[in-house]
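Below are the structure tokens for one structure; questions will follow.
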Amino acid sequence: MKMVMAIINADDAQTVVFNLTKAGFSVTKLATTGGFLKTGNTTILVGVNDDKLEEVLELINKHSHSRKQLVPATSEFGIGMIPTVPVEVSVGGATIFVMDVERFEKI
Ligand code: 2BA
């Protein structure tokens, strides 16, 4: 068994969770915050049998879209002058970690 932990854009979360659930997978959705942009994203947890892992990854991939985002970056030019220069970063479709599950129980 594997645990899939996927960090996805909050805008894609509903579609990703809907399609995983429709395909019969159990999903836990967490409201999370990116350390760099400090904006909300969504982390989903999916416990899945090994033979279904690729199906989960394909569904996440199909319904997550990468996008460009402008981040205000500040630089100091002198006392009291801190202009904001927006910098464009590419925010991924999904950042996915797949972990081995040592033991799984539902009590
Ligand atoms: P954030 O930390 O808010 O990062 C958003 C995007 O900003 C990243 O997109 C990347 O393009 C850029 N970025 C992140 N850290 C940077 C840095 N130190 N310098 C320059 N640019 C940086 P993604 O790579 O697609 O990541 C999207 C979100 O996935 C991240 O949001 C974070 O919440 C999570 N994430 C990504 N890699 C991770 C990792 N190795 N461990 C834990 N969480 C991760």
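For ligands, and for the atoms within them, numbers begin at 1 and follow the listed sequence.
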Should R67 and D12 count as an ion pair when the cut-off is N to O under 4.0 Å?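 Answer for the salt bridge query: yes.
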If you group Ile, Leu, Val, Met, Phe, Trp and Tyr by side-chain heavy-atom gaps below 4.5 Å, do V17 and M5 land in one group?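 No, V17 and M5 fall in different hydrophobic clusters.
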For atom 33 (O) of ligand 1, what's the nearest protein heavy-atom neighbour? Residue, atom name and distance, please.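 Of the protein heavy atoms, N41 ND2, 3.0 Å lies nearest.
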Considering only protein heavy atoms, which is closest to atom 23 (P) of ligand 1, and at what distance to one decimal place?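 Ranking protein heavy atoms by distance from atom 23 (P) of ligand 1, first comes G92 N, 3.8 Å.
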Any idea which protein heavy atom is nearest atom 12 (C) of ligand 1, and the distance to it?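 Answer for atom 12 (C) of ligand 1: F36 CD2, 3.7 Å.
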With sequence neighbours left out, what residues match S66 under side-chain contact (heavy atoms from CB on, under 4.5 Å)?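 Checked S66 against side-chain contact (heavy atoms from CB on, under 4.5 Å); zero matches.
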Would you kindly specify which portion of S66 sits under 4.0 Å from ligand 1, judged on non-hydrogen atoms: side chain, backbone, both or neither?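 Neither; nothing of S66 gets under 4.0 Å from ligand 1.
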Do N19 side-chain atoms and T15 backbone N/O form a donor-acceptor pair below 3.5 Å?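 Checked: pair present.
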Pick whichever of T43, V91, L37, V89 has a heavy atom sitting closest to atom 3 (O) of ligand 1.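 Closest candidate by heavy-atom distance is L37.
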Side chains of V16 and L59: does their closest heavy-atom pair fall under 4.5 Å?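 Not touching, per the 4.5 Å side-chain cut-off.
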As an exercise, state the distance from CD1 of I8 to CG of N41, rounded to the nearest 0.5 Å.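 Atom-to-atom, I8:CD1 and N41:CG are 9.0 Å apart.
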Any N/O pair T33/ligand 1 closer than 3.5 Å: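 It does not: no N or O of T33 is found under 3.5 Å from an N or O of ligand 1.
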Heavy atom of the protein closest to atom 43 (N) of ligand 1 (residue, atom name, distance):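 Minimum-distance protein heavy atom for atom 43 (N) of ligand 1 reads I7 CD1, 3.5 Å.
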Regarding atom 8 (C) of ligand 1: of the candidates G34, S90, A6, which has the closest heavy atom?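 When every heavy atom of G34, S90, A6 is considered, S90 comes closest to atom 8 (C) of ligand 1.
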Not counting sequence neighbours, which residues clear side-chain contact (heavy atoms from CB on, under 4.5 Å) with E102? List them please.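 Applying side-chain contact (heavy atoms from CB on, under 4.5 Å) to E102 gives none.
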Heavy-atom nearest neighbour in the protein, as seen from atom 40 (N) of ligand 1, with distance rounded to 0.1 Å: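 Ranking protein heavy atoms by distance from atom 40 (N) of ligand 1, first comes F97 CZ, 3.9 Å.
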Shortest protein heavy-atom distance from atom 38 (C) of ligand 1, along with the residue and atom involved: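 Ranking protein heavy atoms by distance from atom 38 (C) of ligand 1, first comes T95 CG2, 4.0 Å.
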Q69 and T39: which non-hydrogen atoms are nearest, and at how many Å?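 In terms of heavy atoms, the two residues are closest at NE2-OG1, 4.0 Å.
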Proximity of T32 to ligand 1 by residue part, where a heavy atom lies under 4.0 Å: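 No part of T32 comes within reach of ligand 1.
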